[in-house]
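Quick notes on the structure that follows.
In what follows, chains are A, B, ... by sequence order, proteins preceding strands, each numbered from 1.
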Amino acid sequence: MAYNTAILQGRFTSDATNKIIPLRSDVDWMYVYNETALTQAAADLACQFYWQRGMTNGGGWVWTKLGNQANDPLTFGALAANTGFFLFDSSIITPSAARATTEVSNAALPVISTGDTTGVQVGSIIRIMNQATDTELNGLDIEVGAVTAGVSITAAYSFATPMTGGVAAGQYRLLSSDAMFYPRHRFIINITQAANAVVTTSVSHGLTIGQKIRFNIPTVIGAFFGMTELDGVLATVLTVPSAGTFTVDVDTTAMTAFAWPTAAQATANQPYSFPLMVPVGADTGIALSNNVIPSLDATDNVAQLGMLLTGGAASPGGNTNDVMYWTAGKSFSVINE
Amino acid sequence: MVRDAYFALCNTDLVSDLDNVGGFIQKNEYPSPMNALPSEWGAVGNLRFLVSSIGSITQNASILGADVYNIFCVGMEAYACIEQDGYSSQFIYRPPIYDGPLALNVSVGYKFAEVPRITNDEWILNLRSTLA
């Protein structure tokens, strides 16, 4: 094989969401085959997809099986914009263009109304900004817990207190990927008063039992985020009840209650920093006693280079339970005029 | 006079704003500028600013959606670099005659054997700023 060429292949079962295929060698062309679509008895299913360097990012070609018999003839066409292949490099976080929002619900689990949810799916991270009313959200990254296409985005994790809420102009940006180094620092949106405090982050924390974190709880005014007693405290993760919560070995029962500021407080006290948890190490004893690798205090570069396949029956990411095969290659030479 | 100071590591985009900070001492105004580091831009208070084009930026993260610059202010021995096997990295170039029987291609690559590590996170502060 000549220099700079490589062919990779693989298979995955679709869950109808966007699928990232890590391709460390980078990629110049890619085929994706939907085996389930080829063999099932449903009409006009997209079963083969192709992209090569030079095509529009998010585009590609599609072969669609005509009729409802397995292995029926195919027809050939172009994928609609932003429904196909996206080159993916998670070492570079590229926020999307600003998208308008129209309302934030008055809830601890806010629902953000927007007419543009392109590319947003459960697990995506969005960055809130320029909210005219709900200024307490401005500058914050939140994970998407639910999305209604073209209508709204719901946060994945609940805040300590409900948002101010209201119909007002605002904006958000969709982040192309998460931070490249693990473990990641995260914004804290709730801490319970308990013998072993439960901490909630605005984006899935990814922590495991035994990891150590340091709290950074800024003092803004008397009652803003509250629980400033935790500022600078080093804590060990004891349990991980969910992707967005973890418990620590700190008794917060006697501390000031944690709160999320109101819009009025936020507006009056800008600029300020959000509460933060920063992973700083690990308790090896706790890690070993919980069968967790003791090297979990290491910092890993988890960035990936590859291809993002848009999910869905008409896209290369496939529909739920579709069995997808793919081949991808690196060309010896690319001449795009 | 530049006194003993902490290093502040930041992006090159900030140099104009640093110039406008009250009391900022340019590197060429140091009593001994030859002792300054190549990346050093100047000093103010107890901070000496080192700039890099790959300095940390969190895009569109301010309240109004502006880029936020992370300025890491570090104390002595707040972090360390362990150079394994006595070297940090090697850039390896092979000319054509060594890289193939027909001497048609060259190759380059690198080996990296270094472990940067924060030794005490309490000795590092993140001073965040937008551009003026």
Query raised in the report: Any chance CD of B/Glu77 has more than 12 other-residue heavy atoms, nucleotides or ligands included, within less than 6.0 Å?
Result: no
Requested in this report: Give, as side chain, backbone, both or neither, the part of A/Ile93 having an atom under 4.5 angstrom from any heavy atom of chain B.
Outcome: backbone
Query raised in the report: Considering heavy atoms only, which positions within residues 51-59 of chain B lie below 4.5 Å of chain A?
Result: B/Thr58, B/Gln59
Query raised in the report: Which members of residues 5-21 of chain B, sorted by number, sit under 4.5 angstrom from chain A on a heavy-atom basis?
Result: none
Query raised in the report: Would you say B/Arg117 has more than 12 foreign heavy atoms packed within less than 6.0 Å of its CZ?
Result: yes
Report task. Please check if atom OH in B/Tyr79 has more than 12 non-hydrogen atoms from other residues, nucleotides or ligands closer than 6.0 Å. Result -> no
**Report entry** Atom CG of A/Asn301: over 12 foreign heavy atoms under 6.0 Å
**Finding:** yes
Report summary line: On a heavy-atom basis, the closest approach of B/Asn60 and A/Arg173 is CG-NE, 3.2 Å
Report summary line: Residues of residues 120-132 of chain B with a heavy atom under 4.5 Å from any heavy atom of chain A, in residue-number order, are B/Asp121, B/Glu122
Query - Sorted by number, residues from residues 63-74 of chain B in contact with chain A (heavy atoms, under 4.5 Å) - result: B/Ile63, B/Leu64, B/Gly65
Query raised in the report: Is the number of heavy atoms from other residues, nucleotides or ligands within 6.0 Å of CD1 (B/Ile97) greater than 12?
Result: no
